[in-house]
Each structure stands twice: as structure tokens, then as C-alpha cells.
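See below for the structure under consideration.
These values consider heavy atoms only, across backbone and side chains, with no hydrogens, waters or symmetry-generated copies. Computed from a prediction, not measured in an experiment: that's the story for all the values here. Note that ligands are numbered from 1 as they come in the structure, with each ligand's atoms numbered from 1 the same way.
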Amino acid sequence: MSACTERAWSTRASNCALQGSHRIDFQDLTGYFITVYGQHEVVKDLIRARLATGGQILFEVEAVSVHDFDSSRPRICFGKDGAHHAIECDFIAGCDGFHGVCRPSLPADALTIYERTYPFAWLGILADAPPSSEELIYSHHARGFALHSMRSPSITRLYLQCAPDEDLEKWPDARIWEELHLRLAGGTNWKLTEGRILQKGVTDMRGFVVEPMQCGTLFLAGDAAHIVPPTGAKGMNLAVADVYVLSRALAEFYRSHSPELLQRYSSSCERRVWRAQRFSWWMTSMLHRHEDNPFDERRQLAELEYVATSRAASQSLAENYVGFPIE
Ligand SMILES: Cc1cc2nc3c(=O)[nH]c(=O)nc-3n(C[C@H](O)[C@H](O)[C@H](O)COP(=O)(O)OP(=O)(O)OC[C@H]3O[C@@H](n4cnc5c(N)ncnc54)[C@H](O)[C@@H]3O)c2cc1C
């Protein structure tokens, strides 16, 4: 298990009275800490757990489609090794991400979509270098937001705010490191460790929610139902919470034949989803450069200063960051 245990994150600010580094100690503020755990490790754990219970996983399937979810006998059809297959089931869990087939298969008039796109994106890299800090570092800088994170004790994850249509060709490795050094500077006795860049990509920033998260016997979970901008680190946490709520509802159905928890699935999840949307929007708005109006720019810096200097404000951030108990 390659996990890095975190207790805090720091904010860095430039170009204002707040200049410098400000530590937000989650454990002191909330009694909880967060764990940074690579998403590929989560996937490996889930595969291991499924195989350990004798379950089957099919890889490399094609032409997946879902049918009859307005009935008590829905079907999943797919192709594999040149043959056509269909699985008849009681329920379908649509956990196939934002670009999967489940959500688009639902009738448009069955769903309400709420959406917000942000006028910036993240240029993210994975670097073959140990993290330069055991804590996350979020930086607000005149040149744009930057984030120091980690995938494992030997691999660093770093992000730079960029334009949604940013051309990666214009970002050779040397330019990326130069920009990261500029935007993340500020900590005393702190130095960013460079390493070979293993992966580069641009991620759009979007808030998206579909309601309800259920249509008949098909239940949407995770990114299939909602997307948050990654600034609040909530997407995977929300996906896991959805699946936890859904698994309890299914277990209850098979135990007692009561559909009550299944009927409440969507409303149970929506509350947490909107709380995470609010927090992710707030973090994103506070930390990124996006205001052309000098008034809004100063207001943004005042917000950051409040978080860095008020225990009540930093406690609110910490409480949201460590997350809420699943009801
Ligand atoms: C830059 C960035 C940083 C992030 N950082 C964090 C963070 O720090 N903390 C956090 O909690 N979240 C974070 N997230 C969000 C997190 O990655 C997602 O919210 C999470 O992966 C959603 O999980 P999911 O299982 O719902 O969807 P996905 O991870 O997209 O998984 C869906 C799966 O379904 C499969 N699939 C799709 N269609 C089909 C099909 N037709 N047939 C078979 N399989 C199919 C896909 O191959 C995929 O494996 C971050 C996201 C980004 C982009």
C-alpha cells in the first residue's frame, strides 16, 4: 500500500499582505486527518477484493448498452471476443464515469441537469520524484493557481492553472518546472524537487449534477451522476460514498424485500453532493486567478487572508476538506 498520511495542507499567497505560507492543521481543527491514497491503488484494492470473493470481472468488453431499466428485469448487453452477451439482472449500478453509457441511456425528460464550467483548467504532471513536502500545498499566485500533491512516496503530482484550450506542445518540461518553482515558492527552507515527467495532461474544470440519480432499476453513482472541480478533492470520495449508500440499500432489499432505502438513494446522496459542490466551487473561486475586475481580485485576497488568519474560517475549510460522516 503506497499511502502518505497527511495532517494538513498549506496555502501560499503572493502579491498581497498575506504573502508567504500558511499551514492549516486539520487534526488540530477537526480531530481528523486526511490520507492521500493514489486512485490506481484504490482500483487495485477493489479488483483484489472482488476476486477474493470469487466474483468475476470482465475487461476489454465493447459496445456496452443498458436496457429495460423501467422493468424489474433490466439487461446489460456487450460484446466480447467477437461474441454478443447479455446479463439479466435485478438492478444496474451505473458506475461508468462521466463519459459512460448509463446516464446518456436515460430518457432526457427523466433527468434535471445542473452545470457550471469554469474559465480555466489544470495542467497536471506526474513526476518521478519524491514529494517535496509530506503535506499538500495549495498556492494562490499572480501567475495562477498551483498545487503540490503526491501519488506515492516516490511520485509527485503537480498542477498549474492554465487555459481550457492550453496547447501542451507549448509546455516543454523545462517550462513546467520553471512555472512550478515560481508559483510554489514561498515556504521557508522549502525546495521543490524535480524529476522526470512521466505524464502530462490538461483537465477541464466543471461542476455537474444530475437529479435524480435513479431511473427505475438503474442507479447512477460517482462521476456518472456528478462532477466537481478537483480543487476540493471530493470526486472519488463522493463516488465511494454513493456506492456505500447504494450497497446498504441493496443489502436491505435482499434481506427484507423492503425497497425503502433504494427509493431514498438519490435524496440521501444529493445532500452530500451539493455540499461538496459548494465547497469545491468555493475553494476553486478563492484560489484561482479569474477576476478581471480589480474589485473582485481584492475581495478574493481578503477571503484568502480570512481563511489563513481566522480559526473559525480555517476550521470551516478543514471540516469540509476532511469530509462529513455518511448518514
Ligand atoms: C486532476 C484530477 C484530480 C482529482 N483529485 C481527486 C482527489 O484528490 N480526491 C478525490 O476524491 N477525487 C479526485 N478526483 C476525482 C476522481 O478522479 C473521480 O471523481 C473518480 O475517479 C470518479 O470515480 P468513478 O468510478 O465514478 O468514475 P471513473 O473513475 O471515471 O471510473 C469509471 C470506470 O468505468 C469504466 N467504463 C466506462 N464506460 C464503460 C463501458 N461502456 N464499459 C465498461 N467499462 C466502462 C471506465 O473505464 C472506468 O474504469 C480528481 C480528478 C481529476 C481529473
**Report entry** Basic-acidic side-chain contact under 4.0 Å: Arg311, Asp28
**Finding:** yes
Query raised in the report: Would you say atom 17 (O) of ligand 1 touches the protein, meaning some protein heavy atom is under 4.0 Å from it?
Result: yes
Query raised in the report: At what distance is the nearest protein heavy atom to atom 27 (O) of ligand 1, and which residue and atom is it?
Result: Gly97 CA, 3.6 Å
**Report entry** Closest non-hydrogen atom pair, Trp122 against Gln161
**Finding:** CD1-CA, 4.5 Å
Query - Heavy atom of protein closer than 4.0 angstrom to atom 44 (N) of ligand 1 - result: no
Query raised in the report: Looking at atom 22 (C) of ligand 1, is any protein heavy atom nearer than 4.0 Å to it?
Result: yes
Requested in this report: Using a strict 4.0 Å cut-off to heavy atoms of Gly222, name the atoms of ligand 1 that fall inside it.
Outcome: 26 (O)
Report summary line: Ranked by distance from atom 6 (C) of ligand 1, the top protein heavy atom is Ala233 CA, 4.3 Å
Query raised in the report: Looking only at heavy atoms, is any part of Asn237 under 4.0 Å from ligand 1, and if so is it the side chain, the backbone, or both, or is it neither?
Result: both
**Report entry** Smallest separation among heavy atoms of Leu262 and Gln214, with atom names
**Finding:** O-OE1, 3.6 Å
Query - Sub-3.5 Å N/O-N/O distance, Asp223 and ligand 1 - result: yes
Query raised in the report: Does Gln39, backbone or side chain, put an N or O under 3.5 Å from an N or O of ligand 1?
Result: yes
Query - Glu297/Arg289 salt bridge by N-O under 4.0 Å criterion - result: yes
**Report entry** For atom 42 (N) of ligand 1, the protein heavy atom that lies nearest, with its residue and separation
**Finding:** Val64 CG2, 3.4 Å
**Report entry** Output field: ring centroids Phe145/Phe120 closer than 6.0 Å
**Finding:** no
Report summary line: atom 33 (C) of ligand 1: closest protein heavy atom, distance to 0.1 Å, is Cys95 O, 4.1 Å
Query - Residue and atom name of the nearest protein heavy atom (relative to atom 39 (C) of ligand 1), distance in Å to one decimal - result: Asp96 CB, 4.1 Å
Query - Heavy-atom pair with the smallest gap, counting every atom of Ser105 and Val101 - result: OG-O, 2.5 Å
Report summary line: Smallest heavy-atom separation, Asn320 atom then Lys234 atom, equals O-NZ, 2.7 Å
Query - Ser256-Glu252 side chain donor-acceptor pair, cut-off 3.5 Å - result: yes
Query raised in the report: To which protein heavy atom is atom 12 (N) of ligand 1 closest, and what is the distance rounded to 0.1 Å?
Result: Met236 N, 2.9 Å
Query raised in the report: Touching ligand 1 at all, Tyr159? Heavy atoms, strictly under 4.0 Å?
Result: yes
Query - Closest protein heavy atom to atom 53 (C) of ligand 1, given as residue, atom name and distance to 0.1 Å - result: Thr203 CG2, 3.5 Å
Query - The one among Ser149, Pro230, Ser280 that brings a heavy atom closest to atom 5 (N) of ligand 1 - result: Pro230
Query raised in the report: Does Glu60 CD have over 12 foreign heavy atoms under 6.0 Å away?
Result: no
Query raised in the report: If you draw a 6.0 Å radius around CZ in Arg271, do more than 12 non-hydrogen atoms from other residues or ligands fall strictly inside?
Result: no
Query raised in the report: Got an N/O contact under 3.5 Å between Trp122 and ligand 1?
Result: no
Report summary line: On a heavy-atom basis, the closest approach of Leu220 and Tyr265 is O-OH, 2.7 Å
